[in-house]
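As structure tokens, the structure follows; a few thoughts come after it.
If you're wondering where the values come from, they're calculated on a predicted model, not measured in any experiment. Every heavy atom of this structure was used, including side-chain atoms; hydrogens, water molecules and symmetry mates were not.
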Amino acid sequence: METTHRVVTGDARDLAALDDDSVELVVTSPPYPMVEMWDDLFADAAPAVRDALDDGDGERAYEAMHGVLDAVWDEVARVLVPGGIACVDVGDATRTLDDAFRVYRNHARVADALCERGLDPLPEVLWRKPTNSAAKFMGSGTLPPNAYVTLEHEHVLVFRNGAERRSFPPNDPDRYASAYFWEERNRWFSDVWTDVRGERQGLPVARGARERSAAYPFEIPHRLVNMFSVRGDTVLDPFWGTGTTTLAALAGGRSSVGYELDASLAEAFADRVTDVEAFTERVARERLARHREFVAESDGEFGYDATHYDVPVKTKRERDIRLYRVTDVEREDWGYRARHAPIEAER
């Protein structure tokens, strides 16, 4: 099996390299409006942002920043196939301007924008981020009433392009090979994720690059790619950063396209991808090992045996699950071509 992975150095407000209805899944995390580290990025895209910030007008700056993102959502709606899924990880922001402190509800504004473009909202995930801080408030310490709770979560918004779900032929081999284990389904499809930690970020990435991209943990796109696409689908990340979504696509046997303004981030990915064969095998083997642990610890019955692995499974639909590793990656002018093979332990 082969997949392709394109990295386009360009502005996601114009996804010119992509045809209409050409990607099955979008997984991304945009720069968050009203988070100070992104001020210059938004101001370069829309000078009105800088004017509003200089005037201390937070609401005007917030709306101008989201106006930049709105142009990206226009393109997302255009390139997503009917029934395709868009997953957007976005956090709210707190900020003080002209001595006035408030929260800016980015997740609500992005959700409204996607709805306005004809995408239907599905139940979302609240990602409860780990924190080392003992302080659970900001403001006046232990004296009421002027303290504020801290933001320790992000929203993973999930939208479908249109009311109709994607259809597949009966017993479609790509769909059945893309099954997830019963216990993965129960954990991944919970509406609150408290178990996603940052220690396995994916392949090593330079500190400066991670700071410039604010990359999310590999586990976030890894779950979403497996939850909302099938083997051979194309996954788009219009805010590509260090390529974490592409790593998830590689591990899942999906193709990918990423748009990134910073050419140095795209170039640095060439160094990361040299270790992708071992990384994807480790990801697949960890999934299988966790399933074996679940079987060993379970008091329930397992009604079926997996077709390709020496493990029982809970449901009939899990039987044909295939876990893949990358066996070879070739760099091409426009991106990468990867070859995949099932991990061992087949019987």
Exercise. Does the salt bridge (Lys or Arg N to Asp or Glu O under 4.0 Å) test come out yes or no for Asp40 and Arg50, once each step is laid out?
Worked result: CA-CA 8 Å; Asp40 289 341; Arg50 180 66 64 199; 2.4 Å; yes
Return yes when atom [atom1] of [X] has more than 12 non-hydrogen atoms of other residues, nucleotides or ligands closer than 6.0 Å, and no otherwise.
X: Arg339; atom1: CZ; value: yes
X: Arg317; atom1: CZ; value: no
X: Glu301; atom1: CD; value: no
X: Arg175; atom1: CZ; value: no
X: Arg105; atom1: CZ; value: no

Problem set entry | Distance under 6.0 Å and angle within 45° of ring axis: Arg102 vs Tyr104 | yes
Problem set entry | Cation-pi, Tyr304 ring and Lys316 (6.0 angstrom, 45 degrees) | no
If two hydrophobic side chains count as joined below 4.5 Å and joins carry through other members, does [X] share a cluster with [Y]?
X: Leu122; Y: Ile220; result: yes
X: Phe228; Y: Trp188; result: yes
X: Val225; Y: Met1; result: no

Of all heavy-atom pairs between [X] and [Y], which one has the smallest distance, and what is that distance?
X: Trp182; Y: Phe294; result: CD1-CZ, 4.0 Å
X: Val68; Y: Ala46; result: CG2-CB, 3.7 Å
X: Tyr259; Y: Asp14; result: CE2-O, 3.7 Å
X: Leu69; Y: Pro30; result: CD2-CB, 4.1 Å
X: Thr194; Y: Arg128; result: CG2-CB, 4.0 Å
X: Ala266; Y: Thr9; result: CB-OG1, 4.2 Å

For this session: For the pair His66 and Tyr62, name the ring-plane relationship: parallel under 30°, tilted 30 to 60°, perpendicular over 60°.
Result: perpendicular
For this session: For the pair Phe189 and Tyr180, name the ring-plane relationship: parallel under 30°, tilted 30 to 60°, perpendicular over 60°.
Result: tilted
Rounded distance (nearest 0.5 Å) linking atom [atom1] of [X] with atom [atom2] of [Y]:
X: Thr242; Y: Glu260; atom1: OG1; atom2: CD; value: 9.0 Å
X: His107; Y: Asp112; atom1: NE2; atom2: CG; value: 9.5 Å
X: Leu15; Y: Asp20; atom1: CG; atom2: CG; value: 11.0 Å
X: Thr28; Y: Asp237; atom1: OG1; atom2: CG; value: 3.5 Å
X: Met34; Y: Asp92; atom1: CE; atom2: CG; value: 12.5 Å

Problem set entry | Side-chain donor-acceptor pair present, Glu154, Tyr32, cut-off under 3.5 Å | yes
Exercise. Between Ser264 and Glu267, does any side-chain donor sit less than 3.5 Å from a side-chain acceptor?
Worked result: no
Using a 3.5 Å distance criterion without hydrogens, assess whether the side chain of [X] forms a donor-acceptor pair with backbone atoms of [Y].
X: Thr274; Y: Asp271; result: yes
X: Glu318; Y: Thr315; result: yes
X: Asn161; Y: Val81; result: yes
X: Ser22; Y: Asp19; result: yes
X: Asp11; Y: Arg13; result: yes
X: Asp233; Y: Val230; result: yes
X: Tyr309; Y: Leu323; result: yes
X: Glu75; Y: Ala71; result: no
X: Ser190; Y: Val192; result: yes
X: Thr280; Y: Ala251; result: no

Problem set entry | Evaluation steps, salt bridge (Lys or Arg N to Asp or Glu O under 4.0 Å), between Arg325 and Glu277 | CA-CA 6 Å; Arg325 60 186 176 90; Glu277 296 174 29; over 6 Å; no
Exercise. What do the steps show when you test Phe218 against Phe279 for ring pair (Phe, Tyr, Trp, His ring centres under 6.0 Å), and what is the final call?
Worked result: CA-CA 11 Å; Phe218 171 81; Phe279 177 72; 5.0 Å; yes
State which residues pass ring pair (Phe, Tyr, Trp, His ring centres under 6.0 Å) with [X]; sequence neighbours excluded, sorted by chain then number.
X: Trp73; value: none
X: Phe239; value: none
X: His291; value: Phe181

Does a side-chain heavy-atom distance below 4.5 Å link [X] with [Y]?
X: Asp74; Y: Glu116; answer: no
X: Thr245; Y: Tyr216; answer: yes
X: Asp21; Y: Pro82; answer: yes
X: Val26; Y: Val76; answer: yes

Problem set entry | Option passing side-chain contact (heavy atoms from CB on, under 4.5 Å) with Arg254 (candidates Leu25, Asn226, Thr3) | Asn226
For this session: Could you give me the CA-CA distance, side-chain angles and deciding distance for Arg109 and Asp70, then say whether salt bridge (Lys or Arg N to Asp or Glu O under 4.0 Å) is met?
Result: CA-CA 10 Å; Arg109 177 59 174 77; Asp70 285 345; 2.8 Å; yes
Exercise. Can you name the side-chain contact (heavy atoms from CB on, under 4.5 Å) partners of Asp174, sequence neighbours left out?
Worked result: Asp172, Arg231
Problem set entry | Residues that Ser256 engages under side-chain contact (heavy atoms from CB on, under 4.5 Å), provided they are two or more places apart | His5, Thr246, Ala249
Exercise. Who passes side-chain hydrogen bond (donor to acceptor under 3.5 Å, both in side chains) against Glu24, sequence neighbours left out?
Worked result: none
Problem set entry | Verdict with reasoning, His155 to Asp89, per side chain to side chain donor-acceptor pair (under 3.5 Å) | CA-CA 6 Å; His155 297 259; Asp89 171 49; over 6 Å; no
Exercise. Is Asp305 salt-bridged to Arg319, going by a charged N under 4.0 Å from an acidic O?
Worked result: no
Exercise. Given Thr327 and His340, is the side chain to side chain donor-acceptor pair (under 3.5 Å) satisfied, shown in steps?
Worked result: CA-CA 5 Å; Thr327 60; His340 304 254; over 6 Å; no
For this session: Tell me, with the steps shown, if Arg187 and Glu183 meet salt bridge (Lys or Arg N to Asp or Glu O under 4.0 Å).
Result: CA-CA 6 Å; Arg187 187 169 69 253; Glu183 67 278 10; over 6 Å; no
